[in-house]
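Here the structure is laid out as structure tokens; the discussion comes afterwards.
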Amino acid sequence: MKIIVCVKQVPDTNEVRINQETGTLIRDGVPSIINPDDKNAIEGALALKDIHGGHVTVLSMGPPQAKEALKEALAMGADEAVLLSDRAFAGSDTWATSTILAAAIEAIGGYDIIFCGRQAIDGDTAQVGPETAEFLNIPQVTYAKHIKAVGDRVQITRYTEYGDYVIEAKMPLLLTAIKELNEPRFPSVRGIFKAYSTDDVKVWTLDDLKIDMTQIGLKGSPTNVFRSFVPVKEKNSLIIEGQNGKEKAAALINKLTDLKLV
Amino acid sequence: MNFKLSDAHAMLQKVAREFAEKEVAPLAAELDLTGEFPRETFEKMAKCGFTGIGTPIEYGGSGADDLAKAVVVTEIARKCAATAATLSIHSIFPSVIMKFGTEEQKAKYLPLCADGGKLSAFALTEPNAGSDAGAVKTMAILEGDEYVLNGTKCFISGGGQAEYLIIFALTDPAKGLKGLSAIIVERGTPGFSIGKIEEKMGIRASETVELIFDNCRVPKENLVGKEGKGFNIAMTALDGARIGVAAQALGIAEEALDEAVKYMKERVQFGKPLTALQGLNWYIAEMATKVEAAKWMVYNAAFLKQSGQPFTKEAAMAKLYASETAMFVTNLSLQIHGGYGYMKDYPLERMLRDAKITEIYEGTSEIHKVVIARAVLG
Ligand SMILES: Cc1cc2nc3c(=O)[nH]c(=O)nc-3n(C[C@H](O)[C@H](O)[C@H](O)COP(=O)(O)OP(=O)(O)OC[C@H]3O[C@@H](n4cnc5c(N)ncnc54)[C@H](O)[C@@H]3O)c2cc1C
């Protein structure tokens, strides 16, 4: 089974602060991590490889330092890593990013499953996975919380807030992983030292891909961010008073009815 | 000269920190109360390859080096000193087998200790042989193809759970120290039993027990190295193990410092956070300086060892200094926490109790001063 996992290196938002004036993230001194959902995607791929055998490639688009994230994925057990890094890719929105990822996936070729995380914690769009599937023209199942490969098909439990769907789809297909899918393994000591003893992260630039220049980078990105800002935190709490629980409950019902919430 | 962890060591540190936060920290307070051996955590450490650091890959180990071991032990010790002690002490047995064992012993024991999840122990101390390790009385007399062991060891970490133990015993009592040998004993061997289980102040989840040998017979192939080389083997093992104890102490000290910093920012008295009090800031300055010094001493000792240079003096200095730092820093961090530090709701009282052992085991501070003075005076 040949699996490609798309991963993104993101700032650890637990440690990120926001510049209140510009509304942008203060990235200085903030550690970079593999996007959490992407770690579940890597684990999903490695777990399938543990059962069925095969080959796992991790793929990332990003600046040269995104190599770190790929090294960590290699240390977890991935077989091969490709970094897509070129100035021409900078400023790409989700459309442009998935255009580039799809081109790289075509270049790798011969895949059965493409794994992405549901969404990246620094953008929260959840668009790159689905758009990549569209560009590749393959089926996609998002929000996978359980997967099982049977023959040339994959059975997926797809999580939604209305309930779970159990879906079967034929390979090749694209899946997006959520944290409920699994518990990502720790990279092993052996894996870490192996990943750093060789320089086996392949770096591909624009020249390595068949790509329409008008569709990528800042210019090829249809999304425009006009302004970003930090929402003002308002704490408008209402404390419901009453003699006892019954009275408070009645007051609460009245209030909710007034607000047309029930 | 480059005072920086390599990228691989930095990644290992990050992974060990994540592991400690997720797998070790949530259990620490409970383990301290129950004194239970964290077997599941030990098996998880085996899976990650922490228990195999230092054992070559061809024997099922993780490869890597002494600095890697120190970095991992430090990170685990930040969250639970007992778990770190278990990991650190366990690693003595494979390192002895690697250095002095036969090819058969390496093939048999190393893979099981490296990533097989089997615990090992190191048994030198006896009731009358503590700092004076040469006063060992346990005997191992060769009868035919077997050594017959008789005697008692005390204060042996993990002795009750270990699958494999290395025992120091006299194979030729007439020769005294020159008759001391290192012998492998496996758990469950007839004539080998566990005596008293100690109730103790700290690292409570690292069980400390008495071992009793009563006509315990082991095959003569279990001899490690040559007969009469036991003292040399024990001292070589302890030289390396000192870096492990120093790393435990460093981890405890680092965490206690971080806890103090966090608390000083949160706790408000006299209308201001504690950071506004210069008297306490001076504590922080002293604590941070000592932690920094201890860190580089530990890293330097590990570096000297793995690069094949003499390291006895530096390892002894690192152990002496880091353990004193752990006591100093946990004590002041508890002080900064005031009454809350004295309560079990905060980790400081446990950390202070845990820190104390690092000044005692694998050679007391006084013995380390003997070792250092001897090296300096020549
Ligand atoms: C929790 C715990 C776990 C342990 N685990 C192990 C283990 O796994 N394996 C093992 O073999 N042992 C183990 N030990 C034993 C430990 O290494 C000894 O306790 C230690 O070496 C000190 O020996 P002692 O307790 O007999 O003290 P003593 O040697 O009796 O020392 C008493 C005091 O005299 C001082 N002193 C002694 N000699 C000198 C000297 N020459 N100059 C100056 N001062 C001196 C000491 O520093 C100390 O202050 C463990 C001990 C503890 C408490």
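In the text below, chain A, chain B and the rest are named by the order of the sequence lines, each starting its count at 1. Just so you know, these numbers use all the heavy atoms, side chains as well, and skip hydrogens, waters and symmetry mates.
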Practice task
Kindly determine whether B:Asp7 and A:Lys71 satisfy side-chain contact (heavy atoms from CB on, under 4.5 Å), including the steps that lead there.
Solution key: CA-CA 10 Å; B:Asp7 289 346; A:Lys71 292 257 183 197; over 6 Å; no
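- Counted within 6.0 Å of OH on A:Tyr143, heavy atoms from surrounding residues, nucleotides or ligands total 12 or fewer; the atom is thus considered open.
- Across every non-hydrogen atom of A:Val189 and B:Ala64, the tightest pair is CG1-CB, 4.0 Å.
- A side-chain contact (heavy atoms from CB on, under 4.5 Å) with A:Phe193 is found for one member of B:Ile57, B:Leu12, B:Ile53 and no other, namely B:Leu12.
- Within a 6.0 Å radius of NZ in B:Lys47, other residues, nucleotides and ligands contribute 12 heavy atoms or fewer.
- Counting non-hydrogen atoms of neighbouring residues, nucleotides and ligands closer than 6.0 angstrom, the NZ atom of A:Lys194 reaches no more than 12 such neighbours.
- The existence of a salt bridge linking A:Glu183 and B:Lys44 is excluded, since no basic side-chain nitrogen approaches an acidic carboxylate oxygen closer than 4.0 Å.
- Annotation: B:Glu40, atom CD; neighbour count of heavy atoms from other residues, nucleotides and ligands within 6.0 Å does not exceed 12.
- Other residues, nucleotides and ligands place more than 12 heavy atoms under 6.0 Å from the CD atom of A:Gln155.
- Interface remark: B:Lys22 contributes side-chain atoms only to the contact with chain A (heavy atom separation under 4.5 Å).
- Across all non-hydrogen atoms, the minimal contact from B:Ala8 to A:Ile192 is O-CG2, 3.4 Å.
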